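Ligands are counted one by one from 1 in listed order, and the atoms in each one are counted from 1 as well. These figures come from a predicted structure and were not determined experimentally.
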Amino acid sequence: MINKVDLRDENSFYELGLLINEKFPKLFNLGDLLSSNLDYVFGYYDNEKLVGFIHINKLYENIDIVNIVVDKSYRRKGIATQLINHVIDYFDDVKSIMLEVNVNNENAINLYKVNKFEVINVRKKYYGNDDALIMRRDV
Ligand SMILES: CC(C)(COP(=O)(O)OP(=O)(O)OC[C@H]1O[C@@H](n2cnc3c(N)ncnc32)[C@H](O)[C@@H]1OP(=O)(O)O)[C@@H](O)C(=O)NCCC(=O)NCCS
């Protein structure tokens, strides 16, 4: 079941975030995200437990995926795909959805390709020494 994440899920939110980046809790504050007009965080819940989330920015008709992550023991069950589709369906005016991904993150690149995202650009050395692929899906 997918719902907006709320502050009660703060601990699970940061634990999941650590799977993306060890500095995650320093980079993102859930309270700030929840009070912003630009940010939305949707979670996938197994009963009451937060097991994955997608954090997006929405500016007019474009969505940027800032982060998406699924608990290791819940992967390959279609949860990330459901989270992506949920944000597209949640708003009724979305025309495009974009993201940046590390060129070495094969799992995520596979996820996006299967979900009809296309590489539209490469940002050199965006992640330290690693390049970023800019991917977009038109809705
Ligand atoms: C990337 C990630 C979010 C995918 O979550 P998920 O819920 O397992 O993804 P889905 O089950 O929706 O996968 C859909 C399809 O994407 C592809 N895919 C996803 N993970 C894959 C993997 N590890 N290896 C190969 N293909 C993969 C597959 O085609 C998969 O379909 P299939 O399982 O029927 O073969 C998850 O691996 C994760 O949390 N990774 C760490 C965080 C991260 O790198 N996030 C992205 C950058 S912010």
Side-chain angles (χ1 to χ4, degrees):
M1 168 181 176
I2 297 176
N3 256 325
K4 278 192 180 170
V5 170
D6 78 47
L7 262 189
R8 280 171 300 186
D9 304 312
E10 202 169 24
N11 291 342
S12 320
F13 174 77
Y14 293 121
E15 267 175 41
L16 287 166
L18 287 169
L19 299 171
I20 303 170
N21 184 337
E22 60 186 18
K23 295 190 189 129
F24 185 89
K26 290 199 177 118
L27 297 173
F28 296 95
N29 178 279
L30 184 58
D32 290 348
L33 299 182
L34 298 184
S35 58
S36 136
N37 291 327
L38 182 68
D39 297 274
Y40 296 83
V41 187
F42 295 94
Y44 189 98
Y45 292 83
D46 181 15
N47 292 313
E48 303 280 288
K49 186 179 167 213
L50 180 70
V51 297
F53 70 78
I54 186 168
H55 166 202
I56 60 149
N57 285 165
K58 181 167 186 290
L59 199 55
Y60 301 105
E61 293 162 336
N62 182 62
I63 283 175
D64 272 316
I65 300 181
V66 182
N67 282 310
I68 182 166
V69 61
V70 173
D71 182 302
K72 283 187 179 154
S73 52
Y74 286 82
R75 289 183 187 169
R76 304 301 292 267
K77 296 175 189 293
I79 291 176
T81 300
Q82 285 187 56
L83 286 166
I84 292 169
N85 290 332
H86 183 83
V87 296
I88 293 170
D89 293 343
Y90 183 83
F91 304 99
D92 50 20
D93 62 346
V94 180
K95 294 230 167 95
S96 62
I97 177 160
M98 294 183 60
L99 56 94
E100 279 120 21
V101 60
N102 188 310
V103 74
N104 296 316
N105 191 346
E106 280 180 36
N107 299 344
I109 293 170
N110 275 334
L111 165 74
Y112 300 133
K113 285 195 169 156
V114 165
N115 280 286
K116 297 181 266 182
F117 286 78
E118 287 173 9
V119 177
I120 57 160
N121 214 334
V122 179
R123 227 168 247 171
K124 291 283 177 197
K125 311 245 177 197
Y126 186 76
Y127 299 104
N129 275 332
D130 294 345
D131 298 346
L133 303 182
I134 317 288
M135 300 181 79
R136 184 177 74 206
R137 166 175 163 183
D138 292 326
V139 178

**Asked** Would a search of protein heavy atoms around atom 34 (O) of ligand 1 find one under 4.0 Å away?
**Response** no
**Message:** Just to confirm my output: which protein heavy-atom neighbour is closest to atom 8 (O) of ligand 1, and how far is it?
**Reply:** R76 N, 2.8 Å
**Message:** Between K4 and D6, is the salt bridge (Lys or Arg N to Asp or Glu O under 4.0 Å) condition met? List the steps.
**Reply:** CA-CA 6 Å; K4 278 192 180 170; D6 78 47; over 6 Å; no
**Complete:** ligand 1 atoms nearer than 4.0 angstrom to some heavy atom of A108 are 1 (C), 46 (C)
Could you give the side-chain donor-acceptor pairs of residues 29-38 under 3.5 Å, partners two or more places apart or in another chain?
from: N29; atom 1: OD1; to: G31; atom 2: N; distance (Å): 3.0
from: N29; atom 1: OD1; to: D32; atom 2: N; distance (Å): 2.8
from: S35; atom 1: OG; to: G31; atom 2: O; distance (Å): 3.2
from: S35; atom 1: OG; to: D32; atom 2: O; distance (Å): 3.2
from: S36; atom 1: OG; to: L38; atom 2: N; distance (Å): 3.0
from: S36; atom 1: OG; to: D39; atom 2: N; distance (Å): 3.0
from: S36; atom 1: OG; to: D39; atom 2: OD2; distance (Å): 2.6

**Prompt:** Which is it for K77 and ligand 1 at heavy atoms under 4.0 Å: side chain, backbone, both or neither?
**Reply:** backbone
**Item:** Whether D71 side chain and S73 backbone form a donor-acceptor pair below 3.5 Å
**Value:** yes
**Prompt:** Which residue supplies the protein heavy atom nearest to atom 45 (N) of ligand 1, what is that atom called, and how far is it?
**Reply:** I68 O, 2.8 Å
**Message:** Counting only heavy atoms closer than 4.0 Å, does ligand 1 sit against the backbone of L111, its side chain, both, or neither?
**Reply:** both
**Request:** Enter the distance from F53:CZ to L16:CG here, rounded to the nearest 0.5 Å.
**Result:** 6.0 Å
**Request:** Could you pull out, from G78, A80, G52, the option with a heavy atom nearest to atom 4 (C) of ligand 1?
**Result:** A80
**Message:** Below 4.0 Å from ligand 1: does a non-hydrogen atom of V101 turn up there or not?
**Reply:** no
**cation_pi(K58, Y40) dist<6.0 Å, angle<=45** = no
**Asked** Have N104 and Y127 got a donor and an acceptor in their side chains that come within less than 3.5 Å?
**Response** no
**Request:** May I ask which of K72, K113, R75 has a heavy atom nearer to atom 41 (C) of ligand 1 than the others do?
**Result:** R75
**Item:** Residue and atom name of the nearest protein heavy atom (relative to atom 39 (O) of ligand 1), distance in Å to one decimal
**Value:** V70 N, 2.9 Å
